2 protein chains.
Amino acid sequence: MSSHTPGFELPLRLLLAFRTLIEELHAELARQGHPDLRPMHGFVMQAIGPGGTTAVELGRTLGVSKQAAGKTIDTLERVGYVERTTDPRDSRRKIVRLTPYGLDALDRSARIFDALRARWAADLGEDRLQALESDLRRMTPGSLWRLDTPGWFGNL
Amino acid sequence: MSSHTPGFELPLRLLLAFRTLIEELHAELARQGHPDLRPMHGFVMQAIGPGGTTAVELGRTLGVSKQAAGKTIDTLERVGYVERTTDPRDSRRKIVRLTPYGLDALDRSARIFDALRARWAADLGEDRLQALESDLRRMTPGSLWRLDTPGWFGNL
DNA sequence: ACACGATAGACAACCTGGTTAACTATTTAG
DNA sequence: CTAAATAGTTAACCAGGTTGTCTATCGTGT
C-alpha cells in the first residue's frame, strides 16, 4: 500500500527542477554577456514580448499590481533592457519596449532553453520528456505567464 | 526537426505545477484550521522536523544565513507553530521545536500532499506519475531541503 | 587555571519584489 | 462640459533575504 513515494516529494522536485534549469540558464547567459539578467527579468521580458506593452497591461498579464510592474520596469530600464516611450495616441500611456540588448537577451534565452531541453531529452529520451511535458501541461493551467506570484513563488 | 516543444515551456510548466500544488495544499490547510500557514512555513517546519533544531542548523539545512533562519523562526514563533527553549547543556543554543499546533499542521500537510499526489496518479496513471517522479529525481540534486533560495525562488 | 578562538544568537542597515493607498494627468462617455 | 475611468507615479509598508558587528558561552591548549 504505502510503497508509494510520499506526496511531498513531488512539489519539491518540481521546484528543484525549475530552479536547476533557471540557474543553468543564467549561468550560461552570464557567460554570453548578460551577467546582470535576473530570472524574473527573463520572464518579464518574455511577457513584454517584441510588441511592447504598458505597466498596467504587464501587471495584468503577470498577475501583479501595476505598481509592482512599474517597479520592475524601472529596474529593467536602469539595466538597459527596456525603454519607455509615451504613446502618441494616448499621452497617459507609456509604452515599454525591449531594447536591442533586451531582444538579444531574449533570443539567447530561447536558445539556451532549447539546449537545456535537448540535454534533458538526451538524458531521459525524447519520448519520455514529451510524456513529462504533456503530463505537466495536463496538470497545470493553460496560461503560461500568469505566474501570479508574489516573488515568483514567494509569499502567500 | 523543430516540431519540438520550445525549451522555455518546460521550466514554466514545472513552476506552474509546483505553484498549483502548493496553492491547493494551502487552500485545503486553510479549510482544516491553518489559514495563516504560508508555503515557506510548511517547508521550514518540514526542515525543522519533529526532533527540533537550532537557527544555525536550520540555516545550514535550508541553505540560507543563520540570520534569515532566525527571522523565519521569529515569525513561526509569533504565529504559534514553533517555540524556543534554551538548551540546558549549552546555554548559547536555543532549541526550536514544533508546537502541537505545528505538528498538526505538518501532519495535515503530509496527508494533503499524499491526497494531491493520488489525484495526479488518478489523472495520469500511477505508472506515468512514477516515471515523472523518477525523471525529475534524475534531473535534480539529491538534497530535497537545500532549496537555496532567496525567497524560495526569488532573486539571483 | 585561564586566555583565546570558535560558535550561537541577536541586532542593524540594506536590497528586492511584492502590497495598498493616495494623487495627478489624461481620455472617454453621458 | 462635467464626471468617471484609466495610466502612471510616489509613498509607506511587509516578508524574506544579505552582510557586518556585537555579546555570551563553550572548549581547548599551554
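Since the structure is predicted, the reported quantities are computational estimates derived from the model, not experimental observations. Below, chain A is the first sequence line, B the second, and so on; all start at residue 1. Side chains are part of it too, since the values below use all heavy atoms of this structure and drop only hydrogens, waters and symmetry mates.
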Check your understanding: What string of B, S and - do you get for nucleotides 6-11 of chain C, 5' to 3', when a contact is any protein heavy atom under 4.0 Å?
Key -> BBBBBB
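To the nearest 0.5 Å, the span separating CG on A/D107 from CE on A/M45 amounts to 10.5 Å.
A sub-4.0 Å separation between OP1 or OP2 of D/dG17 and a side-chain N or O of B/T72 is present. The phosphate of C/dT26 has neither OP1 nor OP2 within less than 4.0 Å of any side-chain N or O from A/S91.
In this structure, B/Y81 has its ring center closer than 6.0 angstrom to the ring center of B/Y101.
For the 3.5 Å distance criterion, the side chains of A/E9 and A/T5 fail to qualify, holding no donor opposite an acceptor.
Judged as a side-chain contact (heavy atoms from CB on, under 4.5 Å), and not counting sequence neighbours, the contacts of A/T86 are A/K94.
B/P11 has its side chain within reach of A/F113: a pair of non-hydrogen atoms, C-beta onward, lies under 4.5 Å apart. Proximity of A/Q32 to A/E28: side-chain heavy atoms (C-beta onward) are separated by under 4.5 Å at one or more points.
Atom NE2 in A/H41 sits about 13 Å away from atom C1' in C/dC15, given to the nearest Å. If you measure from atom CG of A/L58 to atom C1' of D/dT9, you get 16 Å, rounded to the nearest angstrom. Protein atom CE of B/M40 is 9 Å distant from nucleotide atom C1' of D/dA15, rounded to whole Å. If you take CZ of B/R89 and C1' of D/dG27, they are 16 Å apart, rounded to a whole angstrom. A/I73 places its CD1 atom 12 Å from the P atom of C/dG18, with the value rounded to the nearest Å.
Both A/P88 and A/R78 lie close to DNA chain C; mapped to their nearest nucleotides by heavy-atom distance, the more 5′-ward contact belongs to A/R78.
Salt bridge status for B/D104 with B/R108: present, with a side-chain N to carboxylate O gap under 4.0 Å.
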Review point. Where each pair must be Watson-Crick or G-U wobble with both distances under 3.5 Å, what dot-bracket representation of DNA chain C is obtained, with crossing pairs in [ ] and other-strand partners as |?
Key: ||||||||||||||||||||||||||||||
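Nearest heavy atoms, B/R128 versus B/L124: CB-O, 3.2 Å.
For A/K71, taking side-chain heavy atoms from C-beta onward, the closest of the listed nucleotides D/dG17, D/dG16, C/dT19 is C/dT19.
Using a distance-only test at 3.5 Å, with no hydrogens or angles considered, a donor-acceptor pair links the side chain of A/H26 to the main chain of A/L37.
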